[in-house]
Asker: 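Quick one: structure below, then a few questions.
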Amino acid sequence: MLPPSERDFVSLTLSESGSYTNGKQWRRQSCWRKWKQLSRLQRSLILFTLMLLLVCGIVTSPTIIAHWRDDALGENTDDGKQPFVLDLKNEYKFILPEPPSEKKGFRKRGPPVLQGRLQSRTNASEGGKPVVSWREAVIDKGQVLDTDIKEAEIQEITHAESRLEAVREAFRHAWKGYKDFAWGHDELKPISKSYGEWFGLGLTLIDALDTMWILGLKDEFAEAREWVATELSFDKNVDVNLFESTIRILGGLLSTYHLTGDSVFLEKAKDIGSRLMPAFNTASKIPYSDVNIGKGTAHSPQWTSDSTVAEVTSVQLEFRELSRLTGDPKYKLAVMEVMNQVHKLDGKTDGLVPMFINTNSGKFTHQGIYTLGARADSYYEYLLKQWIQGGKKENDLLEDYLQAVEGVKKNLLRKSNPLGLTFVGELSHGHLSPKMDHLVCFLPGTLALGAHHGLPADHMELAKELIETCYQMYAQMETGLSPEIAHFNMHEGSKQDVEVKIADRHNLLRPETVESLFYLYRFTKDKKYQLWGWEILQNFNKYTRVSTGGYSSINNVRDPDYPNPRDKMESFFLGETLKYFYLLFSEDPDLISLDKYVFNTEAHPLPIWPEAE
Ligand code: DMJ
């Protein structure tokens with residue numbers, strides 16, 4: 001005889017009496033009989049299990065239902081669809097897929113330390129050594145099937161194309177505002193739906209020509225070309241700034257001529273080029289800042305006989321090219337005379353130049369302040385780019401450039417707190433101010449370009465450090481957009497690296513950081529640079545886009561609720577910023593190859609001269 005506890009378990013084996021009919025009634029009776037034959041313990045166990053299953057079902061059902069619903073509606077954000085970007089009136093929505101691998105480990109803003117950590121995770125995962133991250137899975141490269149690679153490639157192409165399309169869309173929106181309210185004038189005022197004149201020469205239209213060509217906006221290009229051919233006249237009694245009209249107008253016309261082969265642009269370039277030449281008629285041969293292109297007269301600003309060093313040394317790429325195209329050496333001779341003089345001048349500190357030069361004496365003035373920002377910036381950029389343009393033969397230019405980079409390293413570089421970002425400060429009478437203009441963000445791109453053309457590899461390392469800093473100038477702001485000028489914290493215990501003075505909180509839609517991101521991506525193929533650029537484009541769309549057309553500079557990058565539009569769209573937003581966005585997102589290294597072209601400081605590509613010249 002078994003003890004009672006064991007009997008409970010054998011009682012299930014008792015056989016059923018009666019015939020088997022398989023009818024419902026029989027099955028019901030049979031179940032009930034079996035249930036009655038169970039011991040109390042067995043019944044309790046079964047009831048307990050059923051109750052448990054019921055409770056689990058109730059708890060999990062909302063999640064499952066929601067998941068089914070999202071799948072059905074395509075709203076599951078893990079599927080890569082994200083709604084974003086509102087314009088100032090929240091009327092604009094543009095939906096683009098994010099690639100799963102890029103969403104992982106990266107968020108726009110947040111505590112800087114966290115951003116740093118997230119960033120290094122992004123770096124690690126995108127450094128590309130042993131693993132590929134795809135749809136949140138980490139896959140050993142060696143184990144990826146052929147079919148998986150093809151799918152990944154197709155997704156990448158689709159993804160790149162949608163970013164390019166987002167830039168085209170932004171351009172069309174900007175162009176709509178210009179066309180509706182400022183056609184043929186210098187700049188759009190998108191809030192007041194009007195325009196502003198600077199020189200009265202259709203500055204935005206000319207600056208944007210080659211951007212439209214590169215973006216493939218044929219209709220827009222055709223109507224702009226028509227305006228240039230039929231309406232544009234330089235025979236005007238108007239004072240223009242030599243530097244600004246050279247880099248935007250002469251540069252824009254020359255590059256558009258090269259891209260299209262259309263002689264209408266070359267003829268206009270010759271016209272404006274020759275009208276700007278009176279600027280060089282000074283005692284020192286250092287040009288005046290202003291020229292009247294109708295009267296053929298030139299002068300300094302009313303309050304001084306000084307010119308800005310960056311201005312007189314950043315017209316060379318354009319006039320040198322004009323000489324090459326026309327066969328007339330006068331343009332090149334005039335601008336190279338300036339470079340030769342500056343090369344020999346006293347008053348530099350380790351290759352760094354002061355900000356002003358006198359048109360009578362030909363000497364530097366206001367000595368003692370050294371910056372890579374406003375008034376000196378493109379001097380350094382054009383040393384390198386002239387050397388590249390001319391086939392890397394002009395040693396004085398190279399020498400001055402290399403010396404200046406060493407001068408930057410020795411005198412201007414510092415680290416911030418808490419992230420240890422490398423920044424370029426300003427030297428003022430021996431004292432370093434931790435102040436960095438957004439304009440300085442051209443430097444990472446220029447350093448990377450030099451390294452690409454054979455200059456020391458540590459230039460590229462510095463470029464990588466500096467572009468991180470420039471990115472943080474955006475990421476640490478509440479709008480995700482950089483201020484005009486940043487001050488870096490150098491004290492232990494600081495909470496944030498970037499501080500902004502009230503007067504410096506504006507953003508003019510400037511291109512320099514996007515420009516450098518483009519160079520860094522071209523040369524390294526590190527996707528994080530595209531990702532940073534994509535984030536910046538979204539923030540331009542979110543805080544500067546005006547619903548009726550155009551984008552506006554803003555007054556306050558620290559106030560996402562009221563960025564306070566300034567009612568101005570600078571011509572360089574179309575000439576440079578959007579062009580560099582497009583080139584950054586393009587995977588085609590031959591789209592304006594950096595072995596064939598050199599960009600002027602307004603993003604107009606000019607050819608690197610063939611060997612023989
Ligand atoms: C542009 O006109 C040029 O890039 C120039 O070199 C600096 N200023 C603006 C853009 O910021």
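Each ligand, and each atom within it, is numbered from 1 in the order the structure gives. One is the number of the first residue; the rest follow in order along the sequence. A quick note: this is a predicted structure, and the numbers were derived from the prediction, not measured.
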Asker: Residue by residue, ordered by chain and number, which ones reach under 4.0 Å of ligand 1 with a heavy atom?
Answerer: I247, R248, L439, R510, P511, E512, F572, E576, T601, E602
Asker: Is the CZ atom of R566 crowded by more than 12 outside heavy atoms at less than 6.0 Å?
Answerer: yes
Asker: The criterion is side-chain hydrogen bond (donor to acceptor under 3.5 Å, both in side chains); which residues satisfy it with D400, sequence neighbours excluded?
Answerer: H343
Asker: Check whether NZ of the Lys or CZ of the Arg R275 lies under 6.0 Å from the centre of the six-membered ring of F234 and within 45 degrees of that ring's axis.
Answerer: no
Asker: Got a sec, which residues hit salt bridge (charged side-chain N to carboxylate O under 4.0 Å, His left out) with R168, two or more places apart in sequence or on another chain?
Answerer: E161, E165
Asker: F356 vs H366 aromatic rings, parallel, tilted or perpendicular, using cut-offs 30° and 60°?
Answerer: tilted
Asker: Can you name the salt bridge (charged side-chain N to carboxylate O under 4.0 Å, His left out) partners of K435, sequence neighbours left out?
Answerer: E426, D437
